[in-house]
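Okay, so here's the structure we're looking at.
Note that the coordinates shown come from a computational prediction; the quantities given were computed from them, not determined experimentally. Chain letters run A, B, ... following the sequence lines, proteins first and then strands; every chain starts at 1.
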Number of protein chains: 2
Amino acid sequence: MPLGFEKHDHSTCIKDALETAESYCASENLQLTKTRRRVLELLLHEHKALGAYDILATLSKEGLGTQPPVVYRALDFLVANGFVHKIEKLNAYSACTHPGQSHTPVFMICHKCNAVVEAQTKPLRGFLGVAAKAAGFLIERTVIEAVGLCPTCQENTPA
Amino acid sequence: MPLGFEKHDHSTCIKDALETAESYCASENLQLTKTRRRVLELLLHEHKALGAYDILATLSKEGLGTQPPVVYRALDFLVANGFVHKIEKLNAYSACTHPGQSHTPVFMICHKCNAVVEAQTKPLRGFLGVAAKAAGFLIERTVIEAVGLCPTCQENTPA
DNA sequence: TATGTGGTGTTATATTATAACATAACGGAT
DNA sequence: ATCCGTTATGTTATAATATAACACCACATA
Ligand SMILES: [Zn+2]
Ligand SMILES: [Zn+2]
Ligand SMILES: [Zn+2]
Ligand SMILES: [Zn+2]
């Protein structure tokens, strides 16, 4: 699924991502606490983006907290450490599918089924880097998101 | 200013953009009403992004309306017709600096002085197009935003 | 005149996110 | 053992962004 929308063994996705997060946190002395881990699991459950309040609703049912700061703190931690990305276009959050690798994510968002797929790029290569260089601009972070239709939804949406 | 952050005759920027908007609206039978025009002017005033409520505060002082729908309706019109872009990373709005030209904007946002510069790209060329093609994804809109430091703020921010 | 379309005014509410302050849990230094 | 710094949590309140819904009006045109 790093490459696209095709079917895959998603339980492996989840397991790998959790293991990567755990070992990274262990090595960096970061605390992957119960709530943080659970938020990551929820985001890994599907290749979709979830809103903070959707996540909070689940946490609340599970007795892990009821107030917005609970989920925003967990998300802050997960985003800061590269396990989760914020999808700016959706004001929503999506588990990283390339954890551990330093990378600049590029998202493809299906506006019909809400699937979100993450690809990678080199930010300083290609158009953006050229434009930034021409302008003398120093890039620190990038937001690159494409909204459209995934292959499945294209089939089911006759032109 | 299409190319970068350098100084320029900004009154010309404003004048050109307003004239372009006026003639486009005339030719398309679109109504550039008082409020819509004023919002565009406010956004043209500087190469910065303004939040909807910042704009509303000014409209309110000027007797053009006090409620959120006033500004959101004007912004909807201006965005739909390509005179203004939404900067997703900031939840804010910025006047287009290439009005009339069909284009895919790319933004460079200085997080120190809040300047926003718009460049252009071909969305289906380069990395994004390649990744989308590989995934079978049909791109309809793109969000490409770089956050960092403009040339001036780099000078004034010793490493 | 009737009717449709697009624009405005207004009230209310939804959605997303953070400020602020109190409490707890842990580790190392004294 | 006590103190203290750091990190995490609990909680209340509020800020910031955005939309739903409905009433009204102006204009075109049939
Ligand atoms: Zn990632
Ligand atoms: Zn889809
Ligand atoms: Zn533009
Ligand atoms: Zn700057």
Open item on the list: Any donor-acceptor pair, under 3.5 Å, between the side chain of R73(B) and the base of dG9(C), if you only look at N and O atoms?
Closed with: yes

Task: Distance in angstrom units between L59(A) CG and dA8(D) P, rounded - done: 17 Å

Task: Value rounded to 0.5 Å, distance of CZ in F107(B) from CD1 in I144(B) - done: 10.0 Å

Task: Expected output: side-chain Q120(B) to main-chain H103(B) donor-acceptor under 3.5 Å - done: no

Open item on the list: For a quick test of reading the model: is some side-chain N or O of N91(A) closer than 4.0 Å to OP1 or OP2 of dA17(C)?
Closed with: yes

TODO: Can you tell me the distance, in whole Å, between the CG atom of L56(A) and the C1' atom of dT11(D)?
DONE: 13 Å

Open item on the list: So, under a plain 3.5 Å distance rule, would you say the side chain of Y53(A) forms a donor-acceptor pair with the base of dA14(C)?
Closed with: no

TODO: Tell me whether Y72(B) is stacked on the nucleobase of dT19(D), counting only the six-membered base ring and applying the 5.5 Å and 30° thresholds.
DONE: no

- [ ] May I ask you to check whether Y93(B) and H85(B) place their ring centres under 6.0 Å from each other?
- [x] no

- [ ] Give me the ring orientation class for Y53(A) and Y72(A): parallel if the planes are under 30° apart, tilted from 30 to 60°, perpendicular past 60°.
- [x] perpendicular

TODO: Report which part of the nucleic acid K34(A) touches: base, sugar-phosphate, or nothing (heavy-atom distance under 4.0 Å, all strands).
DONE: nothing

Open item on the list: Please list, in numerical order, the residues of residues 23-31 of chain A that have a heavy atom closer than 4.0 Å to any atom of DNA chain C.
Closed with: none

Open item on the list: Mind checking if T66(B) touches a base, just sugar-phosphate, or nothing, with heavy atoms under 4.0 Å?
Closed with: nothing

Open item on the list: Can you identify which nucleotide, out of dA8(D), dT11(D), dT19(D), has its nearest atom closest to the Q67(A) side chain?
Closed with: dT11(D)

TODO: Specify the separation, in whole Å, of atom CG of L90(B) and atom P of dA16(D).
DONE: 15 Å

Task: Side-chain donor-acceptor pair present, H45(B), H10(B), cut-off under 3.5 Å - done: no

Open item on the list: So H8(B) and C13(B), do their side chains get closer than 4.5 Å, heavy atoms only?
Closed with: yes

Open item on the list: Reading DNA chain D from 5' onward, which residue's closest nucleotide shows up sooner: P69(A) or F77(A)?
Closed with: F77(A)

